Amino acid sequence: MAGAEGPAGRQSELEPVVSLVDVLEEDEELENEACAVLGGSDSEKCSYSQGSVKRQALYACSTCTPEGEEPAGICLACSYECHGSHKLFELYTKRNFRCDCGNSKFKNLECKLFPDKAKVNSGNKYNDNFFGLYCICKRPYPDPEDEIPDEMIQCVVCEDWFHGRHLGAVPPESGDFQEMVCQACMKRCSFLWAYAAQLAVTKLSPEDDGLVRNVDGLGDQEVVKPENGGYQDSTLKEDVPENGKDVIKEVNTEQSNEPCTSSSSDSDFQTGFKTQNLNTKSQCGCTLQELKVNQFIKKDTATYWPLNWRSKLCTCQDCMKMYGDLDVLFLTDEYDTVLAYENKGKIDQATEKRDPLMDTLNSMNRVQQVELICEYNDLKTELKDYLKRFADEGTVVKREDIQQFFEEFQSKKRRRVDGMQYYCS
């Protein structure tokens, strides 16, 4: 019947059409992501000899160190050579870690690549990720019982992974921020709230005006006890009701022997008060103390940070001591970031990546080059025609089909060579 649509036509409308180009582009994207994560790590040599590696791809072996045992991490090369058939948890990358493969945590396994290891690596840090559990909900990823679509984001400080919905603040679009600091780490590193007032890209709830507030008058105050493991953080706390909620405002009261001053401009004024320009140094040399002069809020949320935000952190002597006490000195290292690691991996891959066909051609004389190119073109043409039959019939190409093609291609090539006649002049 004219105009009638058969089952095949209706099926084509229901199923999205994916071209070979789409498949190749997706495959290339996945390959680039894998190169970014793995490219900065050695896939052949155990990283143990390098000591605590600044950043590397890590795995945990559930077969050798199941939950209930001591946590352990293995490098990329050991995941291939020593644990190839085991159940592994991919930990993405972690900082300052030394490969545990074959040490005392592994009862019945000796490392094939570097067996002479110390019993334990005391400098390593572990969390629930090493048992395949993530976030404050302590669930696996992917989670077969979780029906809510959600992305996992890694905290740049503790390096645990969190569901976006468990961070206390709606994550911005992935392209709008570079790094995230989770709620627990913001509490431990409370000095970051002074920077968050100007740098963070955290999305706030509709009733909030922003991270920073200005207060004309101060009510009853009480001195906040020193935080961060004894580091003196001289602040006052004021409970001010806003929109029916109590909000704690931090007010710095620390006095310096030499007053800190900095030049002001129109751009220094935000929400009605003067803020420290992070691109200029104060006379006292401490950007953080200048920022603490302003009013800011500490919230029970994670924060999201833009590219290069770490370069704005103060590096004066007092601040560097504070970072050391909090064990976050890595925040001042531009090469600590995952982005720096990925870029290094891409550069290394591009340097090492060579075209095998061009390498082969360069090793041949002119006649051999022409013959190889002709053979290559014949192979490409015949393979294209061979696969087109499957596409026209709508059938799936199987492994046996590809094997059969190359067997027939080799047979044709032998017949052509055997049939050639050579003449001598």
Side-chain angles (χ1 to χ4, degrees), residues 27 30-148 150-155 158-163 166 182 338 341-342 345 349 399:
D27 184 62
L30 291 173
E31 183 179 353
N32 289 336
E33 290 180 4
C35 285
V37 176
L38 305 180
S41 299
D42 196 323
S43 61
E44 298 179 354
K45 298 178 181 178
C46 176
S47 65
Y48 182 85
S49 60
Q50 302 175 41
S52 294
V53 181
K54 184 185 289 287
R55 184 169 291 282
Q56 64 176 317
L58 283 181
Y59 299 81
C61 182
S62 177
T63 304
C64 296
T65 55
E67 191 171 2
E69 300 286 337
E70 289 187 84
I74 59 176
C75 68
L76 176 64
C78 287
S79 75
Y80 293 152
E81 186 65 25
C82 308
H83 305 264
S85 61
H86 297 180
K87 180 182 178 181
L88 301 178
F89 297 124
E90 184 177 359
L91 304 179
Y92 195 53
T93 70
K94 291 190 182 293
R95 67 170 65 87
N96 300 331
F97 198 94
R98 196 172 196 183
C99 180
D100 285 323
C101 180
N103 67 13
S104 62
K105 296 185 176 186
F106 295 79
K107 308 300 182 185
N108 302 307
L109 181 136
E110 182 178 87
C111 180
K112 300 177 183 178
L113 299 178
F114 201 105
D116 188 19
K117 288 186 172 77
K119 290 185 177 181
V120 293
N121 295 311
S122 57
N124 287 354
K125 294 182 179 179
Y126 307 90
N127 58 19
D128 288 327
N129 295 177
F130 289 81
F131 296 117
L133 303 177
Y134 308 90
C135 191
I136 57 174
C137 60
K138 306 301 179 187
R139 296 292 302 169
Y141 182 84
D143 188 349
E145 298 179 10
D146 187 2
E147 299 180 355
I148 303 175
D150 200 355
E151 63 177 339
M152 299 288 284
I153 308 173
Q154 188 180 35
C155 173
C158 66
E159 296 191 301
D160 194 359
W161 291 82
F162 297 85
H163 294 100
H166 293 158
C182 72
V338 173
Y341 169 86
E342 291 179 347
Q349 287 286 323
R399 182 186 183 91

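These numbers were taken from a predicted model, which means no experiment stands behind them. All residue numbers in this chain count up from 1 along the given sequence.
When the side chain to side chain contact (heavy atoms under 4.5 Å, CB included) test is applied to Glu70, the partners found at least two apart in sequence or on another chain are Lys105. With sequence neighbours excluded, the residues satisfying side chain to side chain contact (heavy atoms under 4.5 Å, CB included) with Glu110 are Pro115. Residues passing the salt bridge (charged side-chain N to carboxylate O under 4.0 Å, His left out) test with Lys125, sequence neighbours excluded: Asp327. With sequence neighbours excluded, the residues satisfying side chain to side chain contact (heavy atoms under 4.5 Å, CB included) with Ser104 are Lys119, Val120. Checked against ring pair (Phe, Tyr, Trp, His ring centres under 6.0 Å), Phe130 has the following partners two or more places apart in sequence or in another chain: Phe97, Tyr126. Looking at residues two or more places apart in sequence or on another chain, you find a side chain to side chain contact (heavy atoms under 4.5 Å, CB included) between Asp143 and Arg139, Pro140, Glu145, Asp146.
Under a 3.5 Å cut-off, the side chain of Lys117 and the backbone N or O of Cys101 do form a donor-acceptor pair. Using modelled atom types, no side-chain atom of Asp150 and backbone atom of His163 make a donor-acceptor pair closer than 3.5 Å. No donor-acceptor pair closer than 3.5 Å links the side chain of Asn121 to the backbone N or O of Asn124. Between the side chain of Asp160 and the main chain of Cys155, no donor-acceptor pair closer than 3.5 Å is present.
The distance from the CG atom of Leu113 to the OG atom of Ser47 is 10.0 Å, given to the nearest 0.5 Å.
Between Ile153 and Cys182, the closest side-chain pair of non-hydrogen atoms is not below 4.5 Å.
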Could you tabulate the donor-acceptor pairs under 3.5 Å formed by side-chain atoms of residues 87-95, not counting sequence neighbours?
from	atom 1	to	atom 2	distance (Å)
Tyr92	OH	Glu342	OE2	2.5
Thr93	OG1	Arg55	NH1	3.0
Lys94	NZ	Asn129	OD1	3.3
Lys94	NZ	Glu159	O	3.0
Arg95	NE	Asp336	OD1	2.8
Arg95	NH1	Val156	O	3.2
Arg95	NH1	Val157	O	3.2
Arg95	NH2	Val156	O	2.7
Arg95	NH2	Asp336	OD2	3.0

Can I get a per-line list of side-chain donor-acceptor pairs under 3.5 Å for residues 74-83, giving both atom names and the distance, sequence neighbours left out?
from	atom 1	to	atom 2	distance (Å)
Ser79	OG	Leu76	O	2.5
His83	ND1	His86	ND1	3.3

- [ ] Carefully, step by step, assess Gln56 and Gln50 under the rule side-chain contact (heavy atoms from CB on, under 4.5 Å).
- [x] CA-CA 11 Å; Gln56 64 176 317; Gln50 302 175 41; over 6 Å; no
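The stretch residues 44-77 participates, sequence neighbours left out, in these ring pair (Phe, Tyr, Trp, His ring centres under 6.0 Å) pairs: Tyr48-Phe114. Counting only residues at least two apart or on different chains, the salt bridge (charged side-chain N to carboxylate O under 4.0 Å, His left out) pairs with a member in residues 126-136 are Asp128-Lys138.
A pairwise comparison of heavy atoms in Met152 and Tyr134 identifies CE-CB, 3.5 Å as the closest pair.
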